[in-house]
**Student:** 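Quick one: this structure, given as structure tokens, is what I'll be asking you about.
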Amino acid sequence: MILFYFCAMTVTDLKTTLESGVKDALMALYGPDAAALPVSLQTTRKEFAGNYTVVTFPYTRVAKQKPDEIAEKLGAYLKENLELVSDYNVIKGFCNLSVADSFWQEFLLSIYENTDYGRQPDNGEKVMVEYSSPNTNKPLHLGHIRNNLLGYATARILDAAGYEVYKVQVINDRGIAICKSMLAWKKFGEGATPASTGTKPDHFVGKYYVLFEQKFKAEYLDWQSSSVGEAVYAEKAKEGQSPEAFFKAYKNTYFNEYSQLGQEAKQMLQNWEAGDEATVELWKTMNGWVYAGFGETYDRLGVDFDKLYYESNTYLLGKDIIEKGMASGTFFTKEDGSTWVDLTDAKLDEKAVLRSDGTSLYITQDLGTAQLRYQDFGVNKMVYVVADEQNYHFQVLFEILKRLGEPYAEGLHHLNYGMVDLPTGRMKSREGTVVDADDLMDEVIGEARAASADRETTSDLSAEEKERIIDQIGLAALKFFILKVNPKKRMVFDPKESVDMQGQTGPYVQNAYVRTQAVARKAGERDLSLASQHTSLESGEVDLINQLYTFPSIIEEAAENYDPSVVATYCYELAKAFHKFWHDYSILSAESEATISFRLALCKAVGNVLRTGMNLIGIDMPDRM
RNA sequence: GGUCCAGUAGCUCAGGGGAUAGAGCAUCUGCCUUCUAAGCAGACGGUCCUAGGUUCGAUUCCUAGCUGGAUCACCA
């Protein structure tokens, strides 16, 4: 009987069972009209006894009774008729239900040894997650870190939710930006290399990008005070526009029409596109440096990819898809020969997809790349992790693919995340406020090292082991700080707060896990079968088990919404409950062998879930700290 | 100007048609001879941007406004 009860309950969702119980109760007490109303079942607030709460206000009209009376009758009925409900109490029309200890107990015993608890079985669907996708002209910065962490965590969460996941990025390795770095190195580099200067190679290339901008700026300033510059200002400036304002706005035009450096950079791009050997060679060398540097950063950050797409291979793609769309009438040609799509009926305006000279645009390339990836992987879902400044672009892209009837069109999703601001405002490369990814990791790991310095808990470990733990702690602080925020929201990154290790932080969660491991170490090999004799649970135990119970639904929710912050918040709350449990109850010196066994099983389960959960958001868990 | 997103404690953020709106940081106060104090407990702190509307009930949903941001290239 007990066994049957336990099996039946673990396969059914607790909440669903309670809801249908409430429906039955309403039917029995007040008839079909009451039973037809929706059941509002919420988790009971901490300050009241019970686990789930039924709100009775909606039934007053049909039942013709006061909320308190309804709640009382409902509670009594459920306690009497539903084995799952062991008790109830009524407060101001809210009926708080307590779930039977036997349910919690048997649930715990069914999962505590399962290190994969929470993971869903394969659902047979394939999904691709694109993230990072940097330009190769400068190193990664804080914005990329948010992108990378979100992309990687989302991929892991989708994997745990049952998908077959492919992680990819498109490396923007061509175009005018990298030509600027190349040109500056060629003109001013005097043959220096990352090795000869002892510089991390992506930073080395970035230095020349900055150098180009400096030289260009100097050239522009000279020109502004030249006779040509003054004439242009006199002719083109708007009424009352200051020279500063005018020349700021005129910068792009100057680059394209007057600048010597601009001319040379553009020439370099043309040479590259024509396949000029020396240019391609230089391009390969400098990009090679950048990849080596990026690789280091990715490794350290703990992210990886299944396949890399290079823009240099894909930038001409998409023309065949345009032809197909021409045939089906999705696109049309304007008098000047340019090709367009009219999306005004989707509230999206007209959009060019080919220039009048027939060359591709950004959107053309993305159309082609989507198709290529479908051919490569046969995925029916694609997630693009790209900042929300490109919302419009993706709306247009997805709408076009939909109209073209692409088989994966319904599965496209733009995981748009908000920009990362500093306490002083937006990051600006011109003002040198861009936070470099490598520096940031150095800093946060340095803080972890300082905080670990005189801890006795790890004093017997080797230097290498200590370093590994310090890395894990520092990165946990950084990653958790970023991932706990809902991706959609713009966030403020305060470097001071990001290295905090107390409170709502990664190390706080790690510490809860470390405690579960510490007690397990101390307990040694032990037969926990007596745990089943611990039948009367403490509230602290029920709280924890109840939270463990919701873990699978957390994974589902995070996957459905592409939102790792759900998992981060869950891990924090579980850790918090465990820290309190740790403080309130003793484990190894509990009153009976049954209780000791039960609490050890509980620790094991909490440890498993904390590890699984944190791993889902890309955070490693040390056994000691 | 059009479109989209956001506005919750001094700061960073959760939450969400339901009970007295929650955490962390910061400030102040207790708790380590007992499983790791990177911990626990307490105090302080609110016009949930404003005004209407729907509802038994709105901080949550709707409308309008205010504020901040993004975007509206034959750029990427």
Side-chain angles (χ1 to χ4, degrees), chain A residues 40 42 44-48 53 55-58 60-61 67 91-94 96 135 172 174-177 252 311 315 334 336-340 347-349 351-366 387-393 395 416 418-419 421 423 426 448 451-452 455-458 473 477 481 484-486 488-494 496-498 500-512 514-523 565-566 568-569 572-573 575-576 578-590 599-600 603 624-625:
Chain A
S40 161
Q42 50 190 275
T44 305
R45 286 174 162 247
K46 245 190 357 208
E47 63 263 37
F48 305 113
T53 296
V55 184
T56 61
F57 293 89
T60 49
R61 193 170 296 164
I91 297 166
K92 292 169 77 177
F94 294 87
N96 304 316
N135 294 321
N172 301 299
R174 63 164 287 280
I176 195 72
N252 272 340
E311 198 197 351
Y315 80 109
K334 288 199 174 178
D336 60 8
S338 56
T339 307
W340 293 71
K347 298 206 315 205
L348 283 175
D349 235 330
K351 177 80 187 172
V353 294
L354 284 180
R355 292 193 184 90
S356 51
D357 63 5
T359 55
S360 302
L361 291 157
Y362 181 51
I363 189 100
T364 326
Q365 183 191 147
D366 271 0
D388 61 11
E389 58 190 351
Q390 294 203 41
N391 281 355
Y392 182 76
H393 171 75
Q395 280 178 30
N416 56 103
M419 294 284 181
D421 286 323
R426 207 173 164 168
S452 301
R455 282 176 72 88
E456 285 172 17
T457 47
T458 52
I473 296 171
F481 186 80
K484 72 180 179 184
V485 180
N486 185 316
K488 299 254 184 269
K489 291 202 179 175
R490 207 178 172 93
M491 70 174 285
V492 175
F493 184 89
D494 185 338
K496 277 207 299 287
E497 278 184 44
S498 71
D500 253 2
M501 316 235 162
Q502 264 114 44
Q504 194 175 23
T505 67
Y508 173 96
V509 181
Q510 287 178 321
N511 185 231
V514 161
R515 283 175 151 184
T516 66
Q517 300 312 103
V519 76
R521 258 197 317 278
K522 190 133 186 175
S565 73
V566 171
T569 302
Y572 169 70
E573 271 161 13
K576 189 175 153 86
F578 184 76
H579 277 307
K580 183 168 172 52
F581 175 79
W582 181 273
H583 177 266
D584 290 350
Y585 303 91
S586 67
I587 297 162
L588 292 175
S589 41
R599 289 186 183 158
L600 281 171
C603 282
R624 297 169 58 174
M625 67 192 285

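Source: prediction; values computed, not measured. Every chain is numbered from 1, with letters handed out A, B, ... down the list of sequences.
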**Student:** Start at the 5' end of RNA chain B and walk down; is the nucleotide closest to A:Val55 or to A:Asn135 reached first?
**Tutor:**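 Final value for this comparison: A:Val55.
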**Student:** Determine the interatomic distance between P on B:rC49 and the same-named atom on B:rU59; round to the nearest Å.
**Tutor:**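 The same atom, P, in both gives a distance of 10 Å.
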**Student:** Of the options B:rA14, B:rA23, B:rU12, whose atoms approach the side-chain atoms of A:Val485 most closely?
**Tutor:**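 Closest of the options to the side chain of A:Val485: B:rA14.
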**Student:** Can you find a heavy atom in the side chain of A:Glu497 that is under 4.5 Å from one in the side chain of A:Phe481?
**Tutor:**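 Side chain of A:Glu497 against side chain of A:Phe481, heavy atoms only: contact under 4.5 Å found.
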**Student:** Rounded to whole Å, please give me the gap between CZ in A:Phe48 and C1' in B:rA21.
**Tutor:**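 Whole-Å distance recorded here is 13 Å.
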**Student:** Suppose we screen for side chain to side chain donor-acceptor pair (under 3.5 Å). Which residues come up paired with A:Arg61, at least two apart in sequence or across chains?
**Tutor:**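 Once residues adjacent in sequence are excluded, A:Arg61 has no partner under the side chain to side chain donor-acceptor pair (under 3.5 Å) criterion.
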**Student:** Could you tell me how far apart A:Arg426 (CZ) and B:rG69 (C1') are, to the nearest whole angstrom?
**Tutor:**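 In whole Å, B:rG69 C1' lies 9 Å from A:Arg426 CZ.
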**Student:** Report the residues that fulfil ring pair (Phe, Tyr, Trp, His ring centres under 6.0 Å) with A:Phe57, sequence neighbours left out, ordered by chain and then residue number.
**Tutor:**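 Here the qualifying residues are A:Phe94.
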**Student:** Is A:Asn96 touching bases, backbone alone, or none of the nucleic acid, heavy atoms closer than 4.0 Å?
**Tutor:**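 The residue A:Asn96 makes base contact.
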**Student:** May I have the list of side-chain donor-acceptor pairs in residues 514-521 of chain A shorter than 3.5 Å, sequence neighbours left out?
**Tutor:**
from     : atom 1 : to       : atom 2 : distance (Å)
A:Arg515 : NH1    : A:His579 : ND1    : 2.9
A:Thr516 : OG1    : A:Tyr513 : O      : 2.5

**Student:** Of the nucleotides B:rA76, B:rC72, B:rA14, which one has an atom closest to the side chain of A:Asn486?
**Tutor:**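 Of the options given, the side chain of A:Asn486 lies nearest B:rA14.
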**Student:** Nearest to the side chain of A:Asp349, heavy atoms from C-beta on, is which of B:rC72, B:rG69, B:rG22?
**Tutor:**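 Selected nucleotide: B:rC72.
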**Student:** When you compare B:rA23 with B:rA41, how far apart are their C1' atoms, in angstrom units rounded to a whole number?
**Tutor:**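 Rounded to whole Å, the distance is 15 Å.
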**Student:** Treat primed atoms plus P, OP1 and OP2 as sugar-phosphate and everything else as base, then score nucleotides 34-46 of chain B 5' to 3': B for base contact with protein heavy atoms under 4.0 Å, S for sugar-phosphate contact only, - for none.
**Tutor:** -BBSBSSS-----
**Student:** Using the aromatic ring of A:Phe94 (for Trp, its six-membered ring), decide whether it stacks on the base of B:rG18 within the limits of 5.5 Å and 30°.
**Tutor:**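 Given the distance and angle limits, no, they do not stack.
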**Student:** Is the shortest heavy-atom distance from the side chain of A:Asp421 to the side chain of A:Met491 under 4.5 Å?
**Tutor:**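 In short, these two side chains do not touch, never coming nearer than 4.5 Å.
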**Student:** Please tell me which of the listed nucleotides, B:rA21, B:rC72, B:rA14, lies nearest to the side chain of A:Thr569?
**Tutor:**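 When the side chain of A:Thr569 is considered, B:rA14 is the closest of B:rA21, B:rC72, B:rA14.
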**Student:** Just the rounded figure in Å: distance from C1' of B:rC11 to NZ of A:Lys496.
**Tutor:**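 Nearest whole value for this atom pair: 11 Å.
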**Student:** Partner of B:rU12 by Watson-Crick or G-U wobble geometry, both contacts under 3.5 Å, or none?
**Tutor:**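 B:rA23 is the nucleotide pairing with B:rU12.
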**Student:** Using the six-membered ring of A:Trp340, assess whether NZ or CZ of A:Lys334 lies under 6.0 Å from its centre and within 45 degrees of the ring axis.
**Tutor:**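 The answer is yes, since A:Lys334 meets both limits relative to A:Trp340.
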**Student:** Distance check, P atoms only: B:rG65 and B:rC4, in whole angstrom units.
**Tutor:**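 These two P atoms come out 13 Å apart once rounded.
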**Student:** For B:rC56 and B:rA14, measure between their C1' atoms and round to the nearest Å.
**Tutor:**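 Per the computed distance, 29 Å lies between those C1' atoms.
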**Student:** Taking any strand in view, what nucleotide pairs with B:rC40 in a Watson-Crick or G-U wobble way, both distances under 3.5 Å?
**Tutor:**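 Check on B:rC40: paired to B:rG30, both distances under 3.5 Å.
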**Student:** All N/O contacts under 3.5 Å from nucleotides 5-9 of chain B to the protein, with atom names and distances to one decimal?
**Tutor:**
from  : atom 1 : to       : atom 2 : distance (Å)
B:rG7 : OP1    : A:Lys489 : NZ     : 3.1

**Student:** Any N/O pairs under 3.5 Å between the protein and nucleotides 53-58 of chain B? List them or say none.
**Tutor:**
from   : atom 1 : to      : atom 2 : distance (Å)
B:rC56 : OP1    : A:Arg61 : NH2    : 2.8

